Amino acid sequence: MENKNYLFPDFDKLIFGGDYNPEQWRHTPEIWDEDMRLMKLAHWNEATLGVFSWAELEPQEGVYDFSVPDAIFEKAEKNGLKIILATPSGAKPRWMAEKYPETMRTADDRHRALYGRRHNHCFSSPVYREKIANINRLLAKRYAHSPALLCWHISNEVNGECHCEHCRRAFVEFLRKKYDNDIEKLNLQWWTRFWSHRYDNFEQAEPPSSIGENAVHGLTIDWKRFVTAQTADFMKHEIAAIKEYSQKPITTNLMGFFTGIDYRELAKTVDFVSWDNYPNWELPWGDVGQASWIGMTHDCMRSLKRKNFLLMESTPSLVNWKDINKLARPGKMRISSLQAIAHGSDSVQYFQWRKSRGSSEKLHGAVVDHYGKEDTRVFSEVAALGEELEKLSAVAGTEVISKAAILYDWDTIWALQDMQGMQKNGKKYGEATHLHYGAFHRRGINVDLIGRKDSYDEYDVIVAPMMYICEEETAGRLASFVRQGGTLVGTYAMAQVNENDLCHLGGWPCGVLMDVFGLRAEELDTLYPEESVKINAYGEEYTAKDYCEILKVKDATVLGTYGSEFYKNTPCFTVNEYGKGKAYYVAFRDKSGTFTDKLIGEISADKKLPTAINGKEIPKGVTAKIREGAGEKYLFLLNFSGKEQTMELDGEYTVITTGEKISSAYLPLNGGLVLKA
Ligand code: GAL
């Protein structure tokens with residue numbers, strides 16, 4: 001694959017910039033020149049303009065004022081600054097809510113909201129759609145040909161749902177289409193004879209509600225899918241208006257593991273993914289787990305399109321919306337930023353350039369403080385990183401290549417959320433995913449987080465933790481993955497329901513998967529949080545918590561058994577040879593991760609998965625990641641361990657920023673190195 005300048009053919013650097021809201025300072029426009037001066041000092045090469053600026057662009061219906069973006073585009077062109085231009089749909093002007101109340105959102109109790117906050121629009125409202133297409137067209141027409149325009153940013157962190165009549169009607173049409181206009185098909189898939197909830201016709205369908213229907217799981221999951229589809233449809237509507245005048249790439253900023261929208265579907269509407277990353281650093285128990293979790297989130301975002309992404313927002317110092325808003329310690333912002341790049345970002349971007357003076361975000365971190373000058377710790381750290389990123393330009397467009405994948409699906413999140421069973425409110429799907437991810441991450445093995453419907457072709461190993469939803473077709477694809485030589489890991493709660501959350505009959509994991517794993521999972525025991533069960537495997541004793549499944553093994557080889565409980569001595573860990581491949585089944589939740597680490601270690605060695613530093617030990621808490629392309633390999637070493645580290649490398653590397661040659665690396669506390677092999 002041609003990998004140089006992957007996202008932006010006309011920009012061969014890592015992007016360094018972030019959200020810029022000059023409209024908040026239109027009464028003191030001299031500050032914009034100061035911004036340009038300071039941006040140069042900070043080595044910014046990009047500013048994201050226009051997020052939430054609708055009331056400035058269209059102060060009254062049909063009355064337009066582009067003076068702020070005009071001025072900023074002009075200054076950007078003069079100063080060689082690139083602009084990522086946002087569409088303003090994330091927050092609407094007050095006049096619109098007054099004149100067209102239908103543009104406001106209706107909650108699930110069917111009450112329409114008053115004007116306020118942001119992300120407050122109905123995505124089905126024809127008026128809102130007309131208004132946004134209009135302003136998007138005007139923006140696209142006006143700025144499409146500016147040399148400063150890098151790409152488009154649709155809305156901001158799109159999220160939320162609306163339960164108004166427009167949305168209900170659209171939902172009815174969505175259902176008609178899905179169930180071929182046959183209400184009996186819907187009744188069967190939603191199992192509505194339960195509690196006498198049968199539908200006579202599609203017109204009776206209502207979105208789930210806290211004051212109405214919320215017990216029909218098929219309805220809930222279809223509603224979630226509808227919300228995704230309607231959000232994607234709204235995005236397409238916004239994008240179509242832009243594309244009439246501009247062919248620049250389009251993105252929207254996602255929120256990592258946000259559960260409200262199936263990001264795999266939403267990602268299909270944009271040219272590349274970007275996302276906003278606000279980790280909890282400086283935890284009292286250390287940042288090792290958080291670093292691994294954030295690594296997993298970056299990998300998930302990259303895997304949505306299997307393409308590099310942008311880190312659209314991050315904080316240069318602290319946020320203001322968490323319970324505890326702690327300062328990132330010196331060096332942490334740098335390694336956190338480099339971590340994004342290590343996992344496939346072609347940018348480091350911040351929220352925000354300058355602190356707003358009033359309202360809810362006035363104390364959120366920014367590059368420029370209320371103090372207003374460059375002699376601050378935060379500004380210096382930002383400027384130093386900007387200078388460093390200029391030296392790392394060659395990394396832009398190189399790729400993260402993975403031979404291992406973890407299946408991660410929004411459908412599964414939704415079905416597990418809705419499921420009444422196991423631990424009612426603590427299924428911990430994310431944690432189960434991370435348990436496996438962490439074992440790869442610790443070894444410096446690249447991993448993709450893919451959807452069950454994605455292609456499996458490029459992978460040697462697939463791990464499917466808690467893959468509760470699995471239709472027969474997916475089961476068949478997993479079977480052929482193993483048959484052709486792949487290694488599959490399945491766990492408890494696997495393949496119990498179909499895509500409509502309807503239980504599979506005839507045994508779990510459904511259909512052919514029972515042959516693939518050579519077993520059947522008969523019962524699932526849920527433990528109280530303070531309980532655990534002994535596990536005997538690999539000649540050692542491990543501990544299970546939360547979940548223990550009882551297996552009926554047919555063809556599989558038993559590798560581990562329970563060591564306590566009424567199911568003592570029965571199998572809990574198996575492997576089955578199937579075709580040219582192997583299928584492991586782990587019937588319990590590993591308490592400490594030591595068992596999972598051993599398993600993933602064995603599988604990785606067996607399948608010869610490439611590690612970042614061939615065979616060399618990576619100290620706990622150090623991220624080691626490879627990006628490669630155009631014949632070059634870049635090794636990122638980032639120290640999240642909370643103490644200084646020294647490590648042996650597998651050969652001689654060059655420190656890109658200094659040209660120094662090293663074969664062992666010293667990493668101070670919160671230190672990081674980017675090396676060329
Ligand atoms: C993001 C949002 C930004 C800003 C930031 C604060 O979620 O997109 O507009 O509010 O959070 O951390």
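In each ligand, atom 1 is the first atom listed, and ligand 1 is the first ligand listed. Given the structure is predicted, the values throughout are model-derived calculations rather than measurements.
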For [X], counting its heavy atoms only, list the atoms of ligand 1 lying under 4.0 Å from any of them.
X	value
Asn156	2 (C), 8 (O), 9 (O)
Glu157	1 (C), 2 (C), 7 (O), 8 (O)
Phe52	9 (O)
Asp276	8 (O)

ask   = Between Asn253 and ligand 1, does any nitrogen or oxygen pair lie at a separation below 3.5 Å?
value =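 So ligand 1 has no N or O lying under 3.5 Å from an N or O of Asn253.
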key: Residue pair Pro465 / Thr433: nearest heavy atoms and the distance that separates them   =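 Pro465 and Thr433 have their closest heavy atoms at CG-CA, 4.0 Å.
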message = Between His343 and Asp299, is there a side-chain donor-acceptor contact under 3.5 Å, judged purely by atom types and distance?
response =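 Checked: Asp299/His343 side chains pair up, N/O donor to acceptor below 3.5 Å.
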query = Can Lys13 and Asn45 be counted as having a side-chain donor-acceptor contact under 3.5 angstrom?
reply =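 The answer is no; no qualifying pair exists.
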query = Should the pair Phe234 and His237 be assigned to parallel (<30°), tilted (30 to 60°) or perpendicular (>60°) ring geometry?
reply =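 Tilted: the ring planes of Phe234 and His237 meet at 30° to 60°.
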query = Between the candidates Glu313, His364, Glu361, which shows the shortest non-hydrogen contact distance to atom 10 (O) of ligand 1?
reply =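 The option holding the nearest heavy atom is Glu361.
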query = Under a 4.0 Å heavy-atom limit, does Val51 contact ligand 1 with its side chain, its backbone, both, or neither?
reply =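 Neither part.
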ask   = Given the rule in the side-chain contact (heavy atoms from CB on, under 4.5 Å) test, do Met296 and Phe257 qualify, once you have shown the distances and angles that lead to the verdict?
value = CA-CA 10 Å; Met296 178 169 87; Phe257 291 120; 3.9 Å; yes
task = Please state whether Arg118 comes within less than 4.0 angstrom of ligand 1, counting heavy atoms only.
result =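 True for this residue.
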ask   = How many angstroms lie between atom CG of Leu266 and atom CD1 of Ile261, to the nearest 0.5 angstrom?
value =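 These two atoms lie 5.5 Å from each other.
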